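As the structure is a computational prediction, the values presented were derived from the model and not from experiment. The sequence lines fix the lettering, A, B, ..., with proteins before strands; numbering per chain opens at 1.
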Amino acid sequence: MKYNHAQVEKKWQDIWDEKQVFAAKQDYTLPKFYPLVEFPYPSGQGLHAGHPRPYTALDIVARKRRMQGYNVLYTMGWDAFGLPAENYAMQTGVHPKVVTEQNVKRFTEQIKSLGLSFDWNREINTTDPAYYKWTQWIFLRMFHKGLAYKAQAAVNWCTSCKVVLANEEVVGGTCERCHSEVVRKVKSQWMLAITKYAQRLIDDLDGVTYPERVVASQKHWIGRSEGALITFGTTQGDPLQVYTTRPDTLFGATYMVVSPEHPLVEKWAGVIQNMDEVRDYQTAAAKKSDFERTEVAKDKTGVQLLGVTGINPASGAEVPIFISDYVLVSYGTGAIMAVPGHDQRDWEFAKKFGLPIVEVVSGGNIEEAAHTDCDTGVMVNSGMLDGLSVEAAKQKITAFLQGKGVGEPKVNFKLRDWVFSRQRYWGEPIPIVICDSCGFVPLDEKDLPLTLPQVESYHPTDEGDSPLAGMDEWVNTTCPKCGQPAKRETDTMPQWAGSSWYFLRYADPHNTEQLASLEALKYWTPIDWYNGGMEHTTLHLLYSRFWHKFLFDIGVVPTSEPYSRRTSHGMILGEDGVKMSKSRGNVINPDEIVAESGADTLRLYEMFIGDFEKTAPWSTASVKGCKRFLDRVWALRELCTPGDAYTPALESSIHKAIKKVSEDIEVLKFNTAIATLMALLNEVTEKGGLNHAEYKTFLLLLNPFAPHLAEEIWEAMGFGGMVTDQSWPDFDPQKCVDDTIEVVVQILGKIKARVQMPAGASQEDMIAAAKESVQEQLAGKAIAKEIVVPGKLVNFVVR
RNA sequence: GCGGAUAUGGCGGAAUUGGCAGACGCGCUAGACUUAGGAUCUAGUGGGGUAACUCGUGGGGGUUCAAGUCCCUUUAUCCGCACCA
C-alpha cells in the first residue's frame, strides 16, 4: 500500500486538533518548557520556504520535551501592524484590518498544514484591541515613570513613506522598508528613554545564554565607552564642553570641532566674522542624512569660526574652532577636541586645513599617519603628563581637571533614546490627550483600549502628520484632567511596540484584568529557548529586553531578563544561492512541497539542509532524498517481526541512535540527527528487518521530525495509543559501546594498517598487535616513541 | 575603514579534547525488476595510478609523532556597523 501523505497528514492534524494534544496544561506543578519562535508579520505573499525552518526546529524540541514529560507552551501569533497593509490600503482603499485578516487566514492555513504542535488556543494578534490595550497600558506606565517623553528631535524623515524612522531603522542611508532617501527633519516626537537602561542591558547579558555574536552585537549597539567631559574656555567666555575617550591627549588638541547644529554657533552669530559662510555650510549639512554626512567624510569639509577661539583648560593654549558635519550633534556633547596626532579623522582634517599636528604619545610617526594604536606609549609634549603611561595620564589629567571644575569622568553610550512616534494609521494609537492648560495628559487606564477610528484616507497629511489627524470627531475630545476641550495625540506606535512583550501574553492570553497574571508568568517565564533570525538580534532583542526590564521594575514580570537562551537560524536562500525575493522570482512556496511530497518531507528537508545556524541554498532535487527516506520507513512495516526486546544484531545501534538523536536535538544539530536515523534505517535494511520493539523506538525518534508518518505507522502496526503520548526512549551508555574496536596503526603519522581488537584492550596489547601488523615496515628501524590513543590509534615514531 | 563570520568531492554538507577526511543525502555509473521509468531495489562513486602507492579540507609558512581542527600570514566571499570623538 502506497503512503498517501495528503490524506494521512490531514487525518492526524484533525485528530491532534480534536484531542487538543498540544494545548498547554493548566497545571503549574508540572515541569515546564517554554520555547518561542518569532511571530511573523502576515504579509500578502504568504509563507515562504524560510518560515518553516525555525518553526520546525523548535517544534522538534517541543515534541521531544512533551515526550519527556514537560508541560510545553509552544504558540503562534501575528505581528500584524505594519506598513505593507497600510501601503496596500493607500493604494486600494481596503481597510488594513481586512487585508490583515485575509493574510492571517492564509498564514494560519499554511502553518497548520506543516503539522506544527502549536497551542492555537493561545494565538494572539497585535492588532486586536484586546491585545493592544496592554501595549498602550505599558506605554502609559512608562509615561508615568518619565520614560516616555516628547521632544523636538532631528529625526530621520523618509521622503516616500512620510514617516519618521528610528535611527535603527535606517539602513544604508535609506528607509529600511521602502529604500527611499532619508533626510533630516526636526519634529516633535514621543521618545522612550532606553538609554536609562543601557548599563543594565549590557550587564545582564552575563546571565543569559546567547550566541557570542549576538552578545557582541548587543554590546556594540549599546556602545559603552569610558572617557571624560572636558570644558574648554572660549574667547567669548562661553564654556565649550567636549566628550573624549582620550583625555590623556589633551595637550595634543590643536583645534576643536563643533557640529553644524551646535547652539553656541547661533549664540556667537554676532561675532563670527564669516557667518555667511558658516550659514551656507549649516544649510548644506542639514540637507544630508547622518549617513551621507558620514559617507562623504572621506573628503573632510568644514568652516573655521573666525572671531572665536577655544582655550585649552590644561595648557591655556588658544585653538581654532571649526564646524564640520563629521561631528554629530546627537552623540556626546556635539563637540570634540581634535587630536590630529592620534586620531585618523582629525589627522586628515588637520592635513587638509593646514593645522598643527602634535605628538603627545611616543612611538608612532605622525608625519605618515595618526598614531592611534598607542596604549603602550609614553606621554610627551604634555607638560605635567610627560613620562606617564597612557592609563596614568588619563587618571591624572581627569583628576586635575575635576579639581579645577572643568572636567569629570564620564561613561557614554552610543545608544540613543528610541523614537517611538509614527505618523501612521496602522499602529496602536498613543493614549495621550494634549490639553492647552494641562499639557500632555495620559488617558485613564480604565479607558483603554483607545481604538483606531475609521478614516477616509490612509495617507499622512502633507505636513507628515498621521491620517488620524484628519478625523476631527476623533481628535477633538476633552481633557481627562480638567474637562476642557482638548485634542488627542494623532501619532501611533511603531511596529516594534507590539512585538516587545508578546511572549508574556502567550502565558495568559485571555486575561482581561492584566497583561498576564503574575502567577502564570512566574510559572512560564523566562522563555527557555528563543529562536529567531540574525536580523532581529539588535533591534527587537534590545527593545524587548528593555520593556521587560521596565515591567520587572514595576513588578509586572518576575524576571529581569525575558529569554534564558537565544539561538539564531540561518536564512534559506533561493536555488540560485541568493536571498529569496519576489523580484528575483526565486521564491519557494512551501505549499507546493507540502502538496507534492508532504509536510513531513518538507520538515525533514528543512532540517536536513545543513547547519541550522548557517544560510543554505534551497535545492528542490535534494527534497527527494528525504521523501525517499520516509517512504522506506513506511515500507519497513513489511520487514517488521514480533518481539518486545531489542535483538543483539541491532541493540547497540539503537542505543547509539537514541543517544545521538537526543543530544543533537539539544544543540541544534538536526541535520546529523536525521543522518543518524537514515544510517540506522540503512543498517536495518541491510540486516533484513527489525522487530516491534526496534521499530517502536525508531518511530519515537522519528516522531519529532516526521510526526504524521510516525503516528500513521504506529497506528497501522497496532502499537496502541498515539506516538505523541509515548515517552522519549532512554539509552544505556553501556550498550553504546562496541565489543570490538578498530585500531589504526600509523608510522610517522601515516596510516599503515588497521587491527581489530576487543574493546577493553590494554595499551600494551594495542602496541603488540600494532607492531605485528606492520612488522615488515618496521623491520630494521628503531622505534623512538610509541604513541597510543586508547581505543583508537597507535603511532610509531621511527628513525 | 572597523567588527563578526565563512572557505572541505560535481552539489548540500559530516568530522568530542588535534587522532581513520568526505558520515548522511543529492547527483552520477553499472546491474536487477519492468511494456515503460523522471518509480523501486542492489552495488560502486575525492583526484592520479594496472598496482604497490601517492596527492588531497581557499593560498603560503609554522608548531606537532599526528593539523580541516592550533599559531602566523595571505586571498576571496558574506553579514553587521559606519567619521562615535
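Residue A:D611 places its side chain closer to B:A14 than to any other of B:C84, B:G12, B:A14. For A:T672, taking side-chain heavy atoms from C-beta onward, the closest of the listed nucleotides B:C20, B:G13, B:A23 is B:A23. When distances run from any side-chain atom of A:R632 to the nucleotides B:C81, B:C41, B:G19, the shortest one goes to B:C41. Of the listed nucleotides (B:C20, B:G25, B:C24), B:C24 has the atom at the smallest distance from the side chain of A:A675. Relative to the side chain of A:V327, the nucleotides B:A85, B:C65, B:C20 differ in distance, and B:A85 lies closest. Minimum atom distance to the side chain of A:T685 is reached by B:U42, of the listed B:C24, B:G19, B:U42. Of the candidate nucleotides B:A85, B:A66, B:C26, B:A85 has the atom lying nearest to any side-chain atom of A:Y243. Among the nucleotides B:G19, B:A15, B:C65, the one closest to the side chain of A:K669 is B:A15. Listed candidates were B:G19, B:C24, B:G12. Nearest to the side chain of A:P617 is B:G12.
Contacts of A:I609 with the nucleic acid, taken as non-hydrogen atoms under 4.0 Å apart, involve only primed sugar atoms and P, OP1 or OP2. At a threshold of 4.0 angstrom between heavy atoms, the contacts of A:T244 are confined to the sugar-phosphate backbone, with no base atom among them. Within the nucleic acid shown, A:T245 comes within 4.0 Å of sugar-phosphate atoms alone, with no base atom in reach, counting heavy atoms only. Within 4.0 Å (heavy atoms only), A:S568 reaches no atom of the nucleic acid at all. A:T615 comes within 4.0 angstrom of the backbone, heavy atoms only, and of no base. Residue contacts for A:E786: at a heavy-atom cut-off of 4.0 Å it reaches no nucleic acid atom on any strand shown. Residue contacts shown for A:A621 are limited to sugar-phosphate atoms, with no base heavy atom under 4.0 Å away. Using a 4.0 Å heavy-atom criterion, one finds that A:D346 contacts no nucleic acid atom at all.
Searching all strands for a Watson-Crick or G-U wobble partner of B:G3 with both distances below 3.5 Å returns B:C79. Here B:G38 sits opposite no nucleotide as a Watson-Crick or G-U wobble pair (both hydrogen-bonding atom distances under 3.5 Å). Across all strands shown, B:C20 forms no Watson-Crick or G-U wobble pair with both distances under 3.5 Å. The partner of B:U57, taking Watson-Crick or G-U wobble pairs whose two distances both stay under 3.5 Å, does not exist in any strand shown. A 3.5 Å limit on both hydrogen-bonding distances identifies B:G62 as the Watson-Crick or G-U partner of B:C70. In this structure, B:U50 forms no base pair with any nucleotide, since neither Watson-Crick nor G-U wobble geometry is met with both distances under 3.5 Å. The pairing partner recorded for B:G44 is B:C28, the criterion being a Watson-Crick or G-U wobble arrangement whose two distances lie under 3.5 angstrom.
The distance between atom CD1 of A:I787 and atom C1' of B:C20, rounded to the nearest whole Å, is 16 Å. Rounded to whole Å, atom P of B:G12 lies 17 Å from atom CE of A:M678. One atom, NZ of A:K792, and another, P of B:U16, lie 9 Å apart when rounded to the nearest Å. Put simply, CH2 on A:W618 is 19 Å from P on B:G25, counting in whole angstrom units. At whole-Å resolution of the value, CZ in A:F612 and C1' in B:U6 are 18 Å apart. Between the P atom of B:A85 and the CG atom of A:D248 lies a distance of 13 Å, rounded to the nearest Å. Atom CD1 in A:I751 sits about 9 Å away from atom C1' in B:A21, given to the nearest Å. Here B:G12 presents its P atom at 18 Å from NZ of A:K624, a figure rounded to the nearest Å.
By the rule that a glycosidic angle within 90° of 0 means syn, B:G9 counts as syn.
Using a cut-off of 4.0 Å between Lys/Arg side-chain N and Asp/Glu carboxylate O, A:K410 and A:E408 are scored as not salt-bridged. A salt bridge links A:E683 with A:K687: the distance from a Lys NZ or Arg NE/NH1/NH2 to an Asp or Glu carboxylate oxygen falls below 4.0 Å. Remark: A:E38 engages A:R566 in a salt bridge, criterion side-chain N to carboxylate O under 4.0 Å. A salt bridge links A:E786 with A:K771: at least one charged nitrogen is closer than 4.0 Å to a carboxylate oxygen.
A heavy-atom distance below 4.5 Å is found between the side chains of A:L677 and A:F629. Side-chain contact between A:L240 and A:V258 is present, with at least one heavy-atom pair separated by less than 4.5 Å.
Checking the phosphate oxygens (OP1, OP2) of B:A23, no side-chain nitrogen or oxygen of A:N671 falls inside 4.0 Å. Between A:R628 and the phosphate of B:C26, there is a side-chain N or O to OP1/OP2 separation shorter than 4.0 Å.
Atom P of B:A21 sits at a distance of 26 Å from the matching atom of B:C72, rounded to the whole Å. Taking the C1' atom of each, B:C24 and B:G37 are spaced 26 Å apart, rounded to whole Å. Rounded to whole Å, the C1' atom of B:C84 lies 41 Å from the corresponding atom of B:G13. Taking atom P in both B:C70 and B:A7, one finds a spacing of 11 Å when rounded to whole Å. Nucleotides B:A23 and B:G9 have their P atoms positioned 13 Å apart, rounded to a whole Å. Annotation: B:U16 and B:C11 have their C1' atoms spaced 28 Å apart (nearest Å). Nucleotides B:G18 and B:C28 place their P atoms 40 Å apart, quoted to the nearest Å. Distance noted for atom C1' between B:G49 and B:U42: 29 Å (whole Å).
Taking the six-membered ring where the residue is Trp, the centroids of A:F608 and A:F670 are separated by 6.0 Å or more.
A cation-pi contact, defined as under 6.0 Å to the ring centre and within 45° of the axis, is absent between A:R632 and A:W634.
Residue A:P52 comes nearest to A:L602 through the heavy atom pair CG-CD2, 4.4 Å, listed as atom of the first residue, atom of the second, then distance.
Residue whose closest nucleotide on RNA chain B sits further toward the 5' end, between A:I674 and A:N412: A:I674. Where A:C626 and A:A616 each meet RNA chain B at their nearest nucleotide, the meeting point lying more 5' is that of A:A616.
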